[in-house]
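Here's the structure we're looking at; comments come further down.
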Amino acid sequence: MSTAFGKFFLPGPTEVLPEVLAAQTRPMIGHRGPETEALLAAVSQPLRAMFRTEQPVMIATCSATGFMEAAIRCGVKKKVLCLVNGAFSQRFADIATACGREVQVAKVEPGQTFEADQVAKLVAESGADAVTMVHSESATGALNPVGELSEAIRQVADVMVLVDGVTSVGGSPVESDAWGLDFVLTGSQKALALPPGLAFGVASARLLERARALPGRGIYLDLVVYHEQIRKHQTPYTPGVSLLYALHAQVGRILASGGMEARWKRHDAMRARVERWAIEQGAALGISFLPREGRRSWTVSCLKLAHAEPNGGTIAKRMEARGFTIAPGYGKLKDSTFRIGHMGDHTVDELEVVLDNLAEVLRRG
Ligand SMILES: *Cc1c(COP(=O)(O)O)cnc(C)c1O
């Protein structure tokens, strides 16, 4: 196994810096004691800065999907409109169905996004009391204009806006409060560059108000309880204490390296670097971006292959042989695309090396 940082470019989990990994080896502490409380207090403001919210950021020990389910259980009364443009947005719809909600799916082709006029119309016609969407669809690299969509939805009716921000929060601007989002969630192993195992979420006051009146919220994923506890710098159940150590180390690093805006800027630069590569070499290498310009994720680039060979899986395998991990396409796009996850603590310089290697792999046909 390679130990040098800068080789692992999956769209999650992403590479974790050695010092962040090492923070996990500290001894155990009682999760109800003052030390855990101090730890949760110390990460509270940095997490709010990441979500751009005045609300406390809830922390659960589960993967991001846990908070997707929480969003449905606590945010949907009867009917939900699910905006589906890839595998993760489809997951939101599947969860809602499994939770017994009435589900209306609106679909666009993989790689495409939803637009404000279209969504305003869909919401008005649907009679839904909530809408789900994925900000950065990691399966296709498409970035929904969540701020615009939320504004359009809010003008139509009293409908909850539930957002999977798993590959956007911490990697590109997410304005939870300014955009009027009712629930935004992410997981530790994506743009935050922590090991997997924690979910983070922010609920609006109106979502919490709705949740309090909703039956069937369950126990482990009840946002009302997480919210009440985190306000006191506590968690309802035993948190992954070692992961909290890593989180504490990571938010310290983020603050020391220019804060959230510097982090966004670096991700934007990585996205722009892949774009420039695709423009300059795309024709020669037989690649082009799947999503259109202006709708591309800052954390994961999905590139379409003009030729059948080498396919997405072969490209990932050949990169592996060179010591680099990237991802083939996801689901139906497995062969016809490949994906570079450039999030977390990766840099443009490291990405440059990946692109050079990719060009060689692609040129050899
Ligand atoms: C990775 C990912 C998920 C699922 O996260 P888990 O932590 O595996 O539950 C959900 N949505 C998006 C957009 C993702 O990239």
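All ligand and atom numbering here is 1-based and tracks the order in the structure.
The shortest contact between atom 11 (N) of ligand 1 and any protein heavy atom is with Asp164 OD2, 2.6 Å. The closest protein non-hydrogen atom to atom 5 (O) of ligand 1 is Ala64 CB, 3.5 Å.
No side-chain donor-acceptor contact under 3.5 Å links Ser150 and Glu148.
Cation-pi check for Lys190 over Phe88 is met; the charged atom lies under 6.0 angstrom from the ring centroid and within 45 degrees of its normal.
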Exercise. Can you list the steps and then say if Gln104 with Ser126 is a side chain to side chain donor-acceptor pair (under 3.5 Å)?
Worked result: CA-CA 8 Å; Gln104 180 177 328; Ser126 71; 4.6 Å; no
Problem set entry | side chain to side chain donor-acceptor pair (under 3.5 Å) between Arg271 and Ser297, worked out | CA-CA 7 Å; Arg271 175 197 56 73; Ser297 169; over 6 Å; no
Exercise. Can you check ring pair (Phe, Tyr, Trp, His ring centres under 6.0 Å) on Phe324 and Phe9, steps first, answer last?
Worked result: CA-CA 7 Å; Phe324 296 93; Phe9 287 79; 7.2 Å; no
Exercise. Can you list the steps and then say if Glu350 with Arg266 is a salt bridge (charged side-chain N to carboxylate O under 4.0 Å, His left out)?
Worked result: CA-CA 12 Å; Glu350 292 161 22; Arg266 178 166 48 76; over 6 Å; no
For this session: Run the numbers on Asp94 and Thr97 for side chain to side chain donor-acceptor pair (under 3.5 Å), then give the verdict.
Result: CA-CA 5 Å; Asp94 295 343; Thr97 303; 5.4 Å; no
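For ligand 1, the atoms closer than 4.0 angstrom to any heavy atom of Ser63 are 6 (P), 7 (O), 8 (O), 9 (O). Interface atoms of ligand 1 facing Val134, defined by a heavy-atom separation under 4.0 Å, are 13 (C). Residue-ligand proximity, Thr167 to ligand 1, at heavy-atom distances under 4.0 Å covers atoms 15 (O). Proximity to Ser136 (heavy-atom distance under 4.0 Å) selects the following atoms of ligand 1: 13 (C).
Compare Ser297, Pro13, Ser138, Gly341 by their heavy atoms: the one nearest to atom 15 (O) of ligand 1 is in Ser138. For atom 8 (O) of ligand 1, the nearest non-hydrogen atom from the set Lys190, Met343, Gln189 belongs to Gln189.
Here Val166 has side-chain heavy atoms under 4.0 Å from ligand 1, and that is the only part of it that gets that close.
Polar contact with ligand 1: absent for Phe88 (N/O pair, distance under 3.5 Å).
Heavy-atom separations between Arg91 and ligand 1 include at least one value shorter than 4.0 Å.
One finds the NZ atom of Lys77 at 7.5 Å from the CE atom of Met160 (value rounded to the nearest 0.5 Å).
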